[in-house]
K.L.:
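For reference, the structure I am asking about is given below.
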Amino acid sequence: MDLLDLRNQLDGIDRQIVDLYEKRMEVCEQVAAYKIETGKRVFDKEREMAKLKAVSEMTHNEFNAKGVSELFEQIMSLSRKRQYQLLAENGKGGNLAFLEMEDYDPKKIRVVFQGAEGAYSQMAMMKYFGDDVNCFNVNTFRDAMLAIDEGSADFAVLPIENSSAGIVSEIYDLLVEFENFIVGEQIIAVEHCLLGTPGASKEDIKVVYSHPQSLMQTAHYLQDTGWQQISMKNNAFAAQKVAADADKSQAAIASAHAAKTYGLEILEQGVNDEKNNSTRFIIITNQKVYAKDANKISLCFEVSHESGALYHTLSHLIFNGLNMTKIESRPLPGRNWEYRFFLDFEGNLNDPAVKNALRGLREETKNMKILGNY
């Protein structure tokens, strides 16, 4: 037999597979109708595992058994996605409990930021809310989360990611712990400066203070100086300490804004190793709200600790044509080598495709939480 004959045979078999697939999907739509009427859940893991075992046993060698199992995993996944679509079309898509955010008067809100006066968080806050915003600062990220959780502030501004140093892992953990939600983001260009007391020079410096990430971001600049490096909770706290101690041997790595705030001199500007450096800040509130023109969704979830679990989860985005822009993981406390995943993708909670994807994710993952639409 020549190759053309073999390809013709394959084409004939493929036509049969397509016909059978469409017949199967017609039956699946009837299953969906039954589940709509009875309220039965779409995802039945025990039934699917039994089905995979049964079809694998119909094959004649180990390779085909694995291949058929993988094939039917995909077929059943597509069946579920179609059922989720039909549920949504019949008003059974589930209640997301998020409301469209009403306009607010900047003069009537209170905003909290972490760090001292002069912090990058303060700069992000002022850029997002305006220079005249009613605000106060706290020492830790947790304090900021508590402030909006308890209602002493309406919004909080917190750093979540730096373009060179990566994520602020504590923020991810706090987003899971607290019932607070992201409603906006603000990106601030980072230009670290070496700050000293008035009249000091670089030759006087013995100790430099800054946030651990800022020390990391200026590692090449600092490596040959011989200066002792001491971590602080915030760059602005470092600048505040240097100003308060008035010791020429001390310096801080912080912003020009911090230098102006505390009356320090800029001994050198732009000391960060990566010149195109920026930090992404998130705006958080304790209400489940989102802006009408929101176009990014953040969520987190856990998956079963088994082969293909994350792959099948992400397929809900692919099927619904949604663009994933970021994925991160954080270890699950008390469960070695198991992780919680954090996902960003483009979309609005009002979009049918988003609703369909979220329905599938909610059914097929553990502890899914929408962190915000912004």
Side-chain angles (χ1 to χ4, degrees), residues 106-148 150 152-160 162 165 168 170-171 174 184-200 205 207-215 217-218 229-248 250-272 277-285:
K107 296 178 181 178
K108 294 182 179 179
I109 61 169
R110 199 164 192 227
V111 183
V112 60
F113 66 93
Q114 183 271 339
E117 294 283 334
Y120 281 109
S121 293
Q122 185 186 34
M123 294 169 63
M125 176 195 68
M126 292 168 69
K127 190 169 182 180
Y128 190 88
F129 291 101
D131 293 349
D132 298 328
V133 63
N134 179 19
C135 65
F136 66 100
N137 58 300
V138 291
N139 288 339
T140 68
F141 298 144
R142 175 173 288 276
D143 289 340
M145 280 288 198
L146 283 168
I148 50 173
E150 296 169 351
S152 57
D154 301 297
F155 298 95
V157 179
L158 295 170
I160 194 168
N162 178 268
V168 184
E170 185 182 350
I171 301 299
L174 290 170
E185 66 179 354
Q186 183 66 59
I187 296 174
I188 293 289
V190 174
E191 184 182 54
H192 293 319
C193 301
L194 182 69
L195 311 183
T197 57
I205 298 171
V207 182
V208 62
Y209 298 92
S210 195
H211 186 273
Q213 278 202 340
S214 299
L215 294 173
Q217 291 159 16
T218 54
Q229 300 175 30
I230 298 179
S231 297
M232 302 286 285
K233 290 181 180 178
N234 184 276
N235 291 352
F237 285 139
Q240 187 181 53
K241 174 177 174 53
V242 170
D245 290 354
D247 182 344
K248 288 186 178 182
Q250 296 182 4
I253 290 175
S255 66
H257 178 58
K260 184 178 179 181
T261 301
Y262 295 105
L264 297 175
E265 288 187 2
I266 298 177
L267 304 182
E268 191 165 348
Q269 199 156 349
V271 298
N272 32 299
N277 189 6
S278 59
T279 297
R280 182 165 70 100
F281 292 83
I282 51 175
I283 317 303
I284 305 172
T285 186

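In what follows, every heavy atom counts, from backbone to side chain, and hydrogens, waters and symmetry copies are set aside.
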K.L.:
Report yes or no: do T279 and N162 form a side-chain donor-acceptor pair below 3.5 Å?
P.N.:
yes
K.L.:
Are the aromatic rings of H192 and Y120 close, with centres under 6.0 Å apart?
P.N.:
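Judged by ring-centre distance (under 6.0 Å), H192 and Y120 do meet the cut-off.
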K.L.:
To the nearest 0.5 Å, how far apart are CD1 in I188 and CZ in R280?
P.N.:
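These two atoms lie 13.5 Å from each other.
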K.L.:
For the CD atom of E265 and the OG1 atom of T197, what is their distance to the nearest 0.5 Å?
P.N.:
7.5 Å
K.L.:
Say you draw a straight line from NE2 of H257 to CE of M123; how long is it, rounded to the nearest 0.5 Å?
P.N.:
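Interatomic distance, H257 NE2 to M123 CE, rounded to 0.5 Å: 6.5 Å.
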K.L.:
Do F129 and I109 come within less than 4.5 Å of each other through their side chains, counting heavy atoms only?
P.N.:
yes
K.L.:
Please evaluate residues E185 and F281 with respect to the criterion side-chain contact (heavy atoms from CB on, under 4.5 Å), reporting the C-alpha separation (whole Å), side-chain torsions for both, the decisive distance (0.1 Å), and the verdict.
P.N.:
CA-CA 5 Å; E185 66 179 354; F281 292 83; over 6 Å; no
K.L.:
Quick check: do F141 and V168 have side-chain heavy atoms less than 4.5 Å from each other?
P.N.:
yes
K.L.:
Using the side chain to side chain contact (heavy atoms under 4.5 Å, CB included) rule, pick out the option among L158, V111, V157 that qualifies with I283.
P.N.:
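Going through the options one by one, the only one that passes is V157.
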K.L.:
Does the side chain of K241 reach to within under 4.5 Å of the side chain of M232, using non-hydrogen atoms?
P.N.:
yes
K.L.:
Listing request: all side chain to side chain donor-acceptor pair (under 3.5 Å) pairs with a residue in residues 123-133, at least two apart in sequence or in separate chains.
P.N.:
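For residues 123-133, and leaving out neighbouring residues, there are no side chain to side chain donor-acceptor pair (under 3.5 Å) pairs at all.
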K.L.:
Do the non-hydrogen side-chain atoms of Q217 and N277 ever get within less than 4.5 Å of each other?
P.N.:
yes
K.L.:
Between the side chains of Q114 and N137, does any donor sit under 3.5 Å from an acceptor?
P.N.:
no
K.L.:
Looking only at side-chain N and O atoms, does D245 offer a donor or acceptor that is under 3.5 Å from a partner on Q250?
P.N.:
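A pair is found: one side chain offers a donor N or O, the other an acceptor, under 3.5 Å apart.
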K.L.:
Please lay out, stage by stage, how N272 and T218 fare under the test side chain to side chain donor-acceptor pair (under 3.5 Å).
P.N.:
CA-CA 5 Å; N272 32 299; T218 54; over 6 Å; no
K.L.:
With a 4.5 Å heavy-atom cut-off, do V207 and I230 have their side chains touching?
P.N.:
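Yes, side chains in contact.
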K.L.:
Does any part of the side chain of Q240, heavy atoms only, come nearer than 4.5 Å to the side chain of N234, both counted from C-beta?
P.N.:
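Not in contact.
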K.L.:
Can you check whether D143 reaches V112 side chain to side chain, under 4.5 Å on heavy atoms?
P.N.:
no
K.L.:
Return the CG to OG distance between L146 and S152, rounded to the nearest 0.5 Å.
P.N.:
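It is 8.5 Å, given to the nearest 0.5 Å.
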K.L.:
Rounded to the nearest 0.5 Å, how far does OG of S214 lie from CD1 of I253?
P.N.:
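Answer rounded to 0.5 Å: 7.5 Å.
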K.L.:
Determine whether V133 and M125 make a side-chain contact, defined as any pair of heavy atoms from C-beta on separated by less than 4.5 Å.
P.N.:
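They are in contact (side-chain heavy atoms under 4.5 Å apart), so the answer is yes.
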